[in-house]
Amino acid sequence: MSSLVRHITIDCADAYRLGTFWAAALDSKVHDDDKPGDPEALVEAQGSALLFVTVPEPKSVKNRVHLDLQPQDRTRDEEVERLLALGAAPVADHRRPDGTGWVTLADPEGNEFCVERSAAERAGA
């Protein structure tokens with residue numbers, strides 16, 4: 001058997017704080033073993049596991065890898081509003097007049113991610 005991706009690991013300034021944001025974004029939770037101040041925080045969500053690791057150096061350039069989120073029970077625009085309320089910041093709006101496109105946001109530490117249309121929105125297009 002070949003290898004599997006176990007975690008997507010994200011370097012950050014505060015593993016627990018950023019893990020808490022992503023747990024809320026993914027309707028999950030930070031692993032029970034992880035506490036504020038710990039050097040790592042694990043968030044396991046349906047289909048993925050994100051491991052946040054505290055590192056001393058700050059983020060300095062655009063991400064070379066980013067997450068694309070697809071809402072499951074709401075529209076893209078509803079999800080963007082929910083994520084902004086959780087603490088995300090707008091980066092770029094790529095929505096088109098015909099309803100296609102995506103929105104690029106940044107998490108509380110500036111890591112970029114995108115919000116795409118839901119499967120229902122794609123099916124209706």
Side-chain angles (χ1 to χ4, degrees):
M1 176 179 227
S2 61
S3 295
L4 299 174
V5 174
R6 182 168 178 213
H7 305 117
I8 298 169
T9 302
I10 300 170
D11 291 352
C12 57
D14 185 333
Y16 190 83
R17 182 174 147 258
L18 197 57
T20 300
F21 168 82
W22 280 102
L26 300 173
D27 195 26
S28 186
K29 64 184 186 93
V30 176
H31 194 278
D32 291 337
D33 292 342
D34 299 321
K35 307 290 182 233
D38 285 354
E40 297 180 354
L42 177 64
V43 175
E44 294 175 306
Q46 183 178 350
S48 64
L50 303 177
L51 179 63
F52 300 91
V53 178
T54 300
V55 297
E57 58 276 353
K59 180 181 183 296
S60 59
V61 297
K62 181 182 180 293
N63 300 10
R64 296 207 37 161
V65 174
H66 68 267
L67 304 177
D68 288 337
L69 304 183
Q70 183 183 50
Q72 300 300 298
D73 59 351
R74 60 185 62 94
T75 67
R76 174 198 54 214
D77 296 345
E78 291 168 337
E79 183 68 348
V80 166
E81 292 306 315
R82 186 181 78 86
L83 293 166
L84 291 171
L86 289 174
V91 173
D93 192 332
H94 303 280
R95 291 177 280 199
R96 298 181 191 106
D98 67 357
T100 61
W102 68 96
V103 177
T104 304
L105 301 176
D107 70 19
E109 290 201 10
N111 301 300
E112 298 90 0
F113 64 98
C114 295
V115 182
E116 300 179 347
R117 293 181 300 155
S118 68
E121 288 174 294
R122 288 176 182 270

Kindly give the heavy-atom pair with the smallest separation between Pro108 and Leu18, and that separation in Å.
CD-CD1, 3.9 Å
Phe113 vs Trp22 aromatic rings, parallel, tilted or perpendicular, using cut-offs 30° and 60°?
perpendicular
Cluster overlap Ile10 with Val55, hydrophobic side-chain contacts below 4.5 Å:
no
Where at least one partner belongs to residues 53-100, residue pairs that pass ring-ring contact (aromatic ring centres under 6.0 Å, His included), sequence neighbours excluded:
His94-Trp102
Heavy-atom closest pair, residues Leu83 and Ala25:
CD2-CB, 3.5 Å
Sorted by first residue and then second, give each ring-ring contact (aromatic ring centres under 6.0 Å, His included) pair with at least one member in residues 25-44; sequence neighbours left out.
none
List the residues meeting salt bridge (Lys or Arg N to Asp or Glu O under 4.0 Å) with Asp93, not counting sequence neighbours, and say none if there are none.
Arg95
Rounded to the nearest 0.5 Å, how far apart are CG of Leu67 and CG of Asp107?
9.0 Å
Shortest non-hydrogen contact from Glu40 toward Asp34:
O-OD1, 3.4 Å
side-chain contact (heavy atoms from CB on, under 4.5 Å) evaluation trace for Lys59 with Glu109
CA-CA 8 Å; Lys59 180 181 183 296; Glu109 290 201 10; over 6 Å; no
With a sphere of 6.0 Å drawn around CG of Asp98, does it hold more than 12 non-hydrogen atoms of other residues, nucleotides or ligands?
yes
What are the two closest heavy atoms between Cys114 and Asp68, and how far apart are they?
CB-OD1, 3.3 Å
Once rounded to the nearest 0.5 Å, what's the spacing between atom CD of Glu57 and atom CG of Asp11?
6.5 Å
Rounded distance [0.5 Å steps], CD in Gln72 versus CG in Leu26:
11.0 Å
Say you draw a straight line from CG of Leu86 to CZ of Phe21; how long is it, rounded to the nearest 0.5 Å?
6.0 Å
So, does Ser118 use its side chain to make a donor-acceptor pair with the main chain of Pro71 at under 3.5 Å?
no
Before accepting this row, confirm whether a basic side-chain N of the pair Arg82/Glu79 lies closer than 4.0 Å to the acidic partner's carboxylate O.
yes
Is Ile8 reachable from Leu69 through a run of hydrophobic residues whose side-chain heavy atoms are each under 4.5 Å from the next?
yes
Say whether, by atom type as modelled, one donor and one acceptor occur between the side chain of Glu121 and the main chain of Arg76 under 3.5 angstrom.
yes
Please round to the nearest 0.5 Å and tell me the distance separating atom CG of Asn111 and atom CZ of Phe52.
8.0 Å
What distance separates Leu42 CG from Leu50 CG, expressed to the nearest 0.5 Å?
8.0 Å
What are the two closest non-hydrogen atoms of Arg6 and Ala49, and how far apart are they?
O-CB, 3.5 Å
Val43 to Ala23 - nearest heavy-atom pair and separation:
CG1-CA, 3.9 Å
